[in-house]
Amino acid sequence: MGHFDSEFKVSRGCPVELKRFIFLAMPGFSALDLGSGVDALAAANKAAEQILFRWKIVSEDGAPVVSSAGMNIAVEGALPAVQNGDCIVVCASIDTQKGPTSERINAWLRKATRQEARLCGLGGGALYLALIGLAQKGKICAHWRLQPVLRKPS
């Protein structure tokens, strides 16, 4: 177990355009979700032996954010200007439906969609996007614990 039956080869060509990821850390986010998102991009860069992805971790106002485990996480700044092709990753509490939404963040995310940025969520981030009306075409992939909240009443 843990071994490949056949040889694993890494392509050295650039399979994707350089992408910029903006991780938005919101109060109560899971540090595990944020870390796994960033680590996946770092691993892809390492496997490709080149920089395919860049990322920045931000908060609404640039201040540190407290995670679900009570860790105070420093960020690299406040909500940045969005560029066409950016991918914004909303990292929110799995219990985000119990908390208020931020009009500043909501406006920033709506503007990002008009600038053709891609939106995704980790943890409660998918629910946050659905709650503010940014889930595309009623389809969303989310943590299984959010299924009862996201399911439409019959």
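This structure is a prediction, so every number in the text was calculated from the model and none was measured.
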task = May I ask you to test the P80-W108 pair for a side-chain heavy-atom distance under 4.5 Å?
result =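 Yes, at least one pair of side-chain atoms sits under 4.5 Å.
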query = Between V82 and K111, is any pair of side-chain heavy atoms under 4.5 Å apart?
reply =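 No. Closest side-chain heavy atoms not under 4.5 Å.
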Side-chain donor or acceptor of N45 paired with backbone N/O of L52 under 3.5 Å =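 Here the side-chain-to-backbone pair exists.
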query = Does the R110 side chain pair with the main chain of I132, one donor and one acceptor, at a distance under 3.5 Å?
reply =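 Present.
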Quick one: pull up [atom1] in [X] and [atom2] in [Y] and give me the separation to the nearest 0.5 Å.
{"X": "F29", "Y": "L122", "atom1": "CZ", "atom2": "CG", "answer": "11.0 Å"}
{"X": "L109", "Y": "L79", "atom1": "CG", "atom2": "CG", "answer": "8.0 Å"}
{"X": "L127", "Y": "I94", "atom1": "CG", "atom2": "CD1", "answer": "8.0 Å"}
{"X": "I57", "Y": "L24", "atom1": "CD1", "atom2": "CG", "answer": "11.0 Å"}
{"X": "F53", "Y": "F21", "atom1": "CZ", "atom2": "CZ", "answer": "5.5 Å"}
{"X": "I88", "Y": "Q115", "atom1": "CD1", "atom2": "CD", "answer": "8.5 Å"}

Can you see which heavy atom on [X] is nearest to which on [Y], and at what distance?
{"X": "S93", "Y": "P27", "value": "CB-O, 3.9 Å"}
{"X": "I73", "Y": "S67", "value": "CG1-CB, 4.5 Å"}
{"X": "V75", "Y": "G62", "value": "CG2-O, 3.4 Å"}

query = Which residue pairs pass the salt bridge (Lys or Arg N to Asp or Glu O under 4.0 Å) test when at least one of the two sits in residues 67-87, sequence neighbours left out?
reply = R20-D86
Once side-chain contact (heavy atoms from CB on, under 4.5 Å) is applied, do any residues pair with [X], and if so which ones, sequence neighbours excluded?
{"X": "E116", "result": "N84"}
{"X": "R118", "result": "K19, C87"}
{"X": "D61", "result": "S59, A63, R104"}

Would you be so kind as to tabulate the donor-acceptor pairs closer than 3.5 Å made by side chains of residues 32-43, with sequence neighbours excluded?
residue: D33; atom: OD2; partner: G123; partner atom: N; Å: 3.3
residue: S36; atom: OG; partner: L32; partner atom: O; Å: 3.1
residue: S36; atom: OG; partner: D33; partner atom: O; Å: 2.9

